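Notes to accompany the following structure.
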Amino acid sequence: MGRKLLLEKAHVEGIRTYDVYRREGGYASVEKAFKNMSPDQVTEEVKKSGLRGRGGAGFPTGMKWSFLAKPEGVPRYLVCNADESEPGTFKDRYLMEFIPHLLIEGLIVSSYALGSNRTYIYIRGEYAWIVDILEQAIAEANANGWLGKNILGTGFDCQIYVQRGAGAYICGEETALIESLEGKRGNPRIKPPFPAVKGVWDCPTVVNNVETLAAVVPIINLGGEEYAKIGVGKSTGTKLISACGNINKPGVYEIDMTISVEEFIYSDEYCGGIPKGKRLKACIPGGSSVPILPTNLLLKTAKGDTRMMNYESLADGGFATGTMMGSGGFIVFDEDQCVVRHTLTLARFYRHESCGQCSPCREGTGWMEKILKNIEYGKGKMSDIDLLWDIQRKIEGNTICPLGDAAAWPVAAAIRHFRDEFEWHVLNPVESQSRNFGLAHYADPRPVPVA
Amino acid sequence: MVFTEDKLKKVQEIIARYPDGKQKSALIPVLHLAQEEFGGWLSAEAMDYVASLLSIEPIEVYEVATFYSMYNLKPVGRYLFEVCQTGPCMLNGSDQIIDYIKEKLGIGVGETTTDGLFTLKTVECLGACGYAPMMQLGKHFREHLTKEKVDQIIEECRNRTTSLN
């Protein structure tokens, strides 16, 4: 059983309420930080912890905080990115829905470290009921003196507000989120200037993901060095993984990044294996934008090492034979699933969510969807596969924000690892339209269990 | 077309969340309020009203309302079924659920039943991938959908309408 830092109390009855959360030791990190630590010392502990941003990019959080400009007389802002819209990713929702005070506690400590007197939670619009849960938790924190003026007699004032988005994946990108928070279309900004210098309302701003900010609580409680001892290498602490697709136990799991991918998929503690005795075909381990891997490269690296559930091991081999931890959106495919069809749904997603600012993304995502549709529905040509490859190459790295890359990578990885499945679709136009048909690429050595 | 006193108070509360002079930031939440208040969609008149409340130009409202997928720019039924069709939901049978709803209600995607009760919309990833297939209905998610569950939801909506009428 791995160590739990964020979800340890998730199953305590009534943990959503302030009284139970406090009884279980909640808000201890605020007391510790406000009474014994300066804001810079809090940042220092976060640096020592080695915490990497849990939204997908994995950038060191303490370093990001230290970039925040602090000009005299200019307000600074902390914005919590709760936009969570990457297919496969639903971990932040779980945290906010079931342990809202953990996020509020993390936000208070982080706001203190950064000197943010107004802090915003930007949450995707579809999570409407979670807005109510968060506002209730904020009201309770206010009523009990953890927010407001002169918190714990430190002279520090802080208020937290929830801002609801309105349905746009791009608003998960930090500058698009800032634009949206300012009441505009979610069009990403060109960087530099970075938000740490010029963010919301042109003021210095830090944007951090929900899980990242919640992780500040155990970091302060344990101390940065103790937190860094959990996990392995630069994958310190714990990580929430939202697992879905063809597995027996979909859900949100907390791992300490020392387990293997195989253990995560097959053990009863986590995903519980593949339903109906099917074999594992492939997996996207970090949200839809990260490369899909066939089983042989998923369970072992190209060098033959056991693939582990941490940032370094998942990325081993680069995009040629590896993938990424990303947001931890873990999508599992059994042997019956069609990679072409799945890639088409992702292409449609990215076409729908492109903000339209950059031509390669606006036009390219549409073309990728059209070509994939042709291949999936029996109208594809062999040359379409190369055309698809060419288009994704022209999108990647040529857009203002990473949405272009996010749209290109799934297509590239699907062609790289499953090219024969695309070719089969072209050569078998009638058969390939069967919904649940794909070529089996499993390399799972275990015997097929009896259903 | 005006907000009730309660809604106007809410608008002022929202504006107060932002620094002075940054009331445009209230636009997205206020558009949500307008959509709720004015029949589930945003007419040009409703958007102009929101512009006047926030002291911004109507075009600033239109450009935002047309960007975000949660705003309806034409009338919708009393119950809006927003069914997710992205990867993980597809792996768990969202295509079949969408087909079943079409058949059951006799409408296509983007259409409304003749009695004005139901509109069917397909949407992209709603963050419920572990509980797929799913749809959003009003403020809440309906997850682990099966044909039987779809029947129950439709029945529930019809019963609610009968009791309200």
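Letters A, B, ... are given to chains in the order of the sequence lines, protein chains preceding strands, and every chain is numbered from 1. Given the structure is predicted, the values throughout are model-derived calculations rather than measurements.
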Chain B contact via [X] - side chain, backbone, both or neither, heavy atoms under 4.5 Å:
{"X": "A:Y350", "result": "neither"}
{"X": "A:S180", "result": "both"}
{"X": "A:F333", "result": "side chain"}
{"X": "A:H352", "result": "side chain"}
{"X": "A:V131", "result": "neither"}
{"X": "A:C171", "result": "side chain"}
{"X": "A:I130", "result": "neither"}

In terms of heavy-atom pairs under 4.5 Å with chain B, which of [options] leads?
{"options": "A:Y169, A:F349, A:W201", "answer": "A:W201"}
{"options": "A:R118, A:R185, A:R164", "answer": "A:R185"}
{"options": "A:G165, A:S85, A:S288", "answer": "A:G165"}
{"options": "A:T89, A:D132, A:I284, A:N246", "answer": "A:D132"}
{"options": "A:P75, A:P250, A:P87, A:A168", "answer": "A:P87"}
{"options": "A:Q163, A:K91, A:E86, A:E353", "answer": "A:Q163"}

Spacing of [X] atom [atom1] and [Y] atom [atom2] [to the nearest 0.5 Å]:
{"X": "B:F141", "Y": "B:E82", "atom1": "CZ", "atom2": "CD", "result": "9.0 Å"}
{"X": "B:I97", "Y": "B:M90", "atom1": "CD1", "atom2": "CE", "result": "14.5 Å"}
{"X": "A:K184", "Y": "A:E179", "atom1": "NZ", "atom2": "CD", "result": "4.0 Å"}
{"X": "B:R142", "Y": "B:E156", "atom1": "CZ", "atom2": "CD", "result": "4.0 Å"}

Would you say [atom1] of [X] has more than 12 non-hydrogen atoms from neighbouring residues, nucleotides or ligands within 6.0 angstrom?
{"X": "B:E13", "atom1": "CD", "answer": "yes"}
{"X": "A:K198", "atom1": "NZ", "answer": "no"}
{"X": "B:K121", "atom1": "NZ", "answer": "yes"}
{"X": "B:N159", "atom1": "CG", "answer": "yes"}

Query raised in the report: A:E84 and A:N209: side-chain donor and acceptor closer than 3.5 Å?
Result: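 No, A:N209 and A:E84 have no side-chain donor paired with an acceptor closer than 3.5 Å.
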Query raised in the report: Just checking, any donor-acceptor pair under 3.5 angstrom between side chains of B:D48 and B:Y62?
Result: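 Checked: B:D48/B:Y62 side chains pair up, N/O donor to acceptor below 3.5 Å.
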Of the backbone (N, CA, C, O) and the side chain (C-beta and beyond), which part of [X] lies under 4.5 Å from a heavy atom of chain A, both, or neither?
{"X": "B:Q85", "result": "both"}
{"X": "B:A65", "result": "neither"}
{"X": "B:Y131", "result": "side chain"}
{"X": "B:E63", "result": "both"}

Query - Validation row, ring centre B:Y18 to ring centre A:Y161 under 6.0 Å - result: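 So the answer is no for these two rings.
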Query raised in the report: Heavy atoms, side chains only, cut-off 4.5 Å: are B:F81 and B:C157 in contact?
Result: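 Yes; the side chains approach each other to less than 4.5 Å.
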Looking at [options], which one has more heavy-atom pairs under 4.5 Å with chain A than the rest?
{"options": "B:C84, B:A26, B:A132, B:G87", "answer": "B:G87"}
{"options": "B:Q136, B:K22, B:R17, B:E60", "answer": "B:R17"}
{"options": "B:M70, B:Q23, B:K139, B:K24", "answer": "B:M70"}
{"options": "B:V64, B:V123, B:T86, B:L126", "answer": "B:L126"}

Report task. Kindly confirm or rule out a cation-pi arrangement of A:R93 over A:F90, judged by NZ or CZ under 6.0 Å from the six-membered ring centre and within 45° of its axis? Result ->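 Judged by the rule, A:R93 and A:F90 form no cation-pi pair.
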